[in-house]
Structures are given as structure tokens and as C-alpha cells.
Number of protein chains: 2
Amino acid sequence: MPQAPSKAGSATADEIRQAALEQFAQSGYDASSMRDIAASVGIKAASLYNHFDSKEEILWDVTRSAMSDLAANRDEALARLGPGAGPRAQLAAFVSAHVGFHAERRHQAVLVNSQLGSLSQSHRRKAVALRDEYENSLRMIIDAGVASGEFNVFDAQVATLAILQMGTGVSVWFRPDGRLSIDQVGAQYVKLALAVVSQQVR
Amino acid sequence: MPQAPSKAGSATADEIRQAALEQFAQSGYDASSMRDIAASVGIKAASLYNHFDSKEEILWDVTRSAMSDLAANRDEALARLGPGAGPRAQLAAFVSAHVGFHAERRHQAVLVNSQLGSLSQSHRRKAVALRDEYENSLRMIIDAGVASGEFNVFDAQVATLAILQMGTGVSVWFRPDGRLSIDQVGAQYVKLALAVVSQQVR
DNA sequence: GTCTATATATCGATAGAC
DNA sequence: GTCTATCGATATATAGAC
């Protein structure tokens, strides 16, 4: 049964999303042609336009879903803690989820962190807003820990960015068949993050 | 007096390097056209070929000099310590130099960290070798600190990458007219790095 | 929904006058 | 060393047959 263009339920559209994601993450948006994407799905370039209006719409689709998945992954991890969890438990849950995502779904992570500049102005604004929300949710955990006296940081914003960026970097070097498992890497970075928010007052 | 093509001393070649660096760092290599680069220098695209053999040669030129400057910046910082410095002083000097470079020369830093994939295979191999040398020089400092008992890390390679990547991230958010000075940011990250290599044994 | 064929634009790079 | 003019390749996107 045929589907309307760009509908989420189309099997072909999902194949296009998957192929575009890998191409964009590996070679970059500009270096990935519609012909390449179509070829890896098994169709011709013109047929892509039955599913997406433009190449940029494909980029936005995969970018938005990647950022949505990242936030949902965080929400689930925090929800598992229950309402009474303190800042240390929240920070551990956030970092574990953050690093786990960047290891397990590194193609999506690399895409979000390297191809935002290729989005249209309108879509880029939305992506930046989603990124700011994600960043701010970590900032609020750190602020709560500082307020309760459980954390010590010289600058909460620097600590926020440092924790996020070292975790994001996992998507660059992690390999599924490497020396460390996802759980091992996640546990490592939880310890590193706790070290960052436990700075000596001196 | 005219210069031979691609010679380092040419004033026009330097203008091309500067213009290309900013274009590549801001818009990416593929999205930067030879016409754009030429226009910001005040010449036509064809005239660029009197100074560089190809667009990729320009990318390699600015990439190589950026990576060379980064390593030289590190060497100077370590040399200032003198021969008797211990791992803690070496780590502080490394991180201060690393973060200082990524704040002060963020265009060059962004270029190196985002456009390596657009280099030719031969040039990319050389760039990766330079990056590995840089990464390994930090790894050796951490290994020395672990061996002497001054550092405690769960995994030396993870600690190395975490320190490098959080410092590299400064090039993304730092603004010269922002809230923090380069020296303030450098001092912050020295403390964060020392926290990373002072993990509780538990 | 796929295909072939093509419109239209822009790219890197070259030729040759000055 | 700059320019104008242009080549040849490739890009996104569209038109219309099936």
C-alpha cells in the first residue's frame, strides 16, 4: 500500500533515513550526493523525491530524530531514579545515558555534532534550541548540587560544558569491538564527571 | 617582486591562507568555493592557481600549519618548565597550552577537528600521524604520573582522551569578548585535568 | 512509486591575452 | 600575477512515461 511522501511509516523512507544517516555521518552532508544515498537504498535519485522534498529535508529529519532520541534517552534514565534522587545520582544517570548514547549510536551523535551548519537557517535554529535545552538540563543538575553543597565547582558553566564535551568525544573514538564495553566506558565517565564536580576548594 | 607559486613568503599567498582558513572553519571545506575565497582576497578564482595547485592543497597547507603550531605551542610550554619538572607540572603546562591554543586560535582548532575528512588520503594519513603524536605526548605524561604514584586513573587512555576532548571543546564555545578570559579558562581546565588524574581509588 | 531524460546551476580547473 | 572566457564534471531538482 503506497504511502504519502515523508510519512514516518514508510519502509522505503526508513531505508532512506538509515542510508542518509550513515553517509552524512561518515562523509559529511555536502560530500554525500542524492545519487549515493539512492544507490545504497537500491533506487534512483529521482525516486527519493517521492519520500522527501529535498536533500536538506532528509538531513533535518535524521538530525531531529537523533536529537529527540538523545533527549528521550536522558529522560528515561532520570525517570528510573524516581522523584527523590539527589544531584549525585542525577549526574551519574545523566552522564551514563549521555555516554551510552554517544557510544552505542555514534553515527547519530557524530551527525548532530558535525552537520548542524548544513541545515537551513530555520532548521538550525530549532536544532540549537534543542541542544540548549539538553545542555541546560545538565546545568540545572549541577546548580542543584552546588546549592546543596554536594558539588564544588569553580564555574558551573565550564563544568557543564566540560562534562558534556568529554562525553560527546566518546562518539569519535569508541568502537563496538574495542577494548572497553559501553558499560565500562559509561562507568568511567561517571567517575570523571563526579571528579569534575568535586573540585578542591583550596 | 613576484614569487614562485606556493612560496611561504608571498603576501598574496598569506592572504589566501587566512581567507581559506576562515571559510573552511566557518562553512566547511565543501561549502567553500574557490570563487568565495578569491573574492575575500580581492582577486578572481583563476588567480588562486598562481599560488596553490588545487583547492585541496590550500586545505592541506592551512591544516598542516595549524597542527604544527599546536605542537610548537606545546613544546614551548613544556620547555619553559625545565628538565626537572614532574608529571603534575607537565600536565598543567600541557593543558594550559592546549586550552590556550583552542581559545585564542579557535578557527585553526575547529578546522583541524572538523575538516580532516576532506583531505586527500595521503595528506589525511600525515594529519592523523601528527594528531597521534600529539595525543601520545599527553598519554606519556599521564603514564609517568601513574608510574610515580602522583596520579590515579582507572584507565590512562580514557583519561588522556577525556582531557584532550574537553579542552578541544573550548574552541566551540569560547568568545574573545565573553565572560571569561583565556587565562581564566586555561586555569579552570588545569584544575579539571588534575581532578581527572586524581580519581579516588575506592 | 519507480524509471529515463533533462533543466539549471555551480563547481574545480585550464587556456591564453595582457 | 591578474584577468576573461570556458571546459567538463557533477550537483539538486523537475517532467512525464509507465
Side-chain angles (χ1 to χ4, degrees), chain A residues 1-21 23-24 26-63 115 117-124, chain B residues 1-21 23-24 26-63 115 117-124:
Chain A
M1 184 180 296
Q3 293 272 356
S6 294
K7 279 300 174 186
S10 164
T12 304
D14 278 342
E15 290 181 60
I16 294 170
R17 273 181 264 263
Q18 183 63 28
L21 167 63
Q23 292 263 4
F24 292 161
Q26 180 159 61
S27 309
Y29 176 77
D30 288 302
S32 304
S33 72
M34 294 293 267
R35 285 172 177 80
D36 293 338
I37 296 168
S40 71
V41 177
I43 59 179
K44 297 296 181 181
S47 302
L48 293 174
Y49 293 88
N50 287 319
H51 304 277
F52 296 91
D53 289 339
S54 68
K55 183 184 176 187
E56 196 270 346
E57 280 290 340
I58 303 179
L59 176 63
W60 171 235
D61 188 290
V62 294
T63 299
Q115 306 301 322
S118 296
L119 289 169
S120 71
Q121 197 176 23
S122 160
H123 288 154
R124 186 166 56 251
Chain B
M1 184 182 295
Q3 293 271 355
S6 294
K7 278 301 176 185
S10 165
T12 303
D14 278 343
E15 291 181 59
I16 294 170
R17 273 181 264 264
Q18 183 62 29
L21 166 63
Q23 292 263 3
F24 292 161
Q26 179 159 60
S27 310
Y29 175 76
D30 288 302
S32 305
S33 73
M34 294 294 268
R35 288 169 176 79
D36 291 338
I37 295 167
S40 71
V41 177
I43 60 179
K44 298 296 181 181
S47 302
L48 293 174
Y49 294 88
N50 287 320
H51 303 275
F52 295 92
D53 289 339
S54 69
K55 184 186 177 188
E56 196 270 347
E57 280 289 340
I58 303 178
L59 176 64
W60 171 234
D61 188 290
V62 295
T63 299
Q115 306 301 323
S118 296
L119 289 168
S120 70
Q121 196 176 26
S122 161
H123 288 155
R124 185 165 58 251

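What you see is a predicted model; the values in this text were computed from it and never measured. So that the names make sense, note that chain A is the first sequence line, chain B the second, and so on, each numbered from 1.
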Partner residues of B:Q26 under the side chain to side chain donor-acceptor pair (under 3.5 Å) criterion, sequence neighbours left out: none
Partners meeting side chain to side chain donor-acceptor pair (under 3.5 Å) with B:E56 (sequence neighbours left out): B:S120, B:H123
Could you work out, with side-chain contact (heavy atoms from CB on, under 4.5 Å) as the rule, every residue matching [X], not counting sequence neighbours?
X: B:T12; value: B:S10, B:I16, B:H51
X: A:A39; value: none
X: B:A19; value: B:I37, B:S40, B:V41

Just compare C:dT4, D:dA11, D:dC3 and give me whichever is closest to any side-chain atom of B:K44. D:dC3
How long is the line joining [atom1] of [X] and [atom2] of [N], in whole Å?
X: A:D14; N: C:dG1; atom1: CG; atom2: P; result: 13 Å
X: A:D36; N: D:dA9; atom1: CG; atom2: C1'; result: 15 Å
X: A:F52; N: D:dT12; atom1: CZ; atom2: P; result: 15 Å
X: B:I16; N: C:dG12; atom1: CD1; atom2: P; result: 14 Å
X: B:L48; N: D:dC3; atom1: CG; atom2: C1'; result: 13 Å
X: A:D30; N: C:dG12; atom1: CG; atom2: C1'; result: 15 Å

How does each nucleotide of nucleotides 13-18 of chain D score, in 5' to 3' order, for protein heavy atoms under 4.0 Å: base (B), sugar-phosphate only (S), or none (-)? BB----
Would you indicate what A:S47 reaches in the nucleic acid, counting non-hydrogen atoms under 4.0 angstrom: base, sugar-phosphate, or nothing? base
Is there a side-chain contact between A:Q115 and A:L59 (heavy atoms, below 4.5 Å)? yes
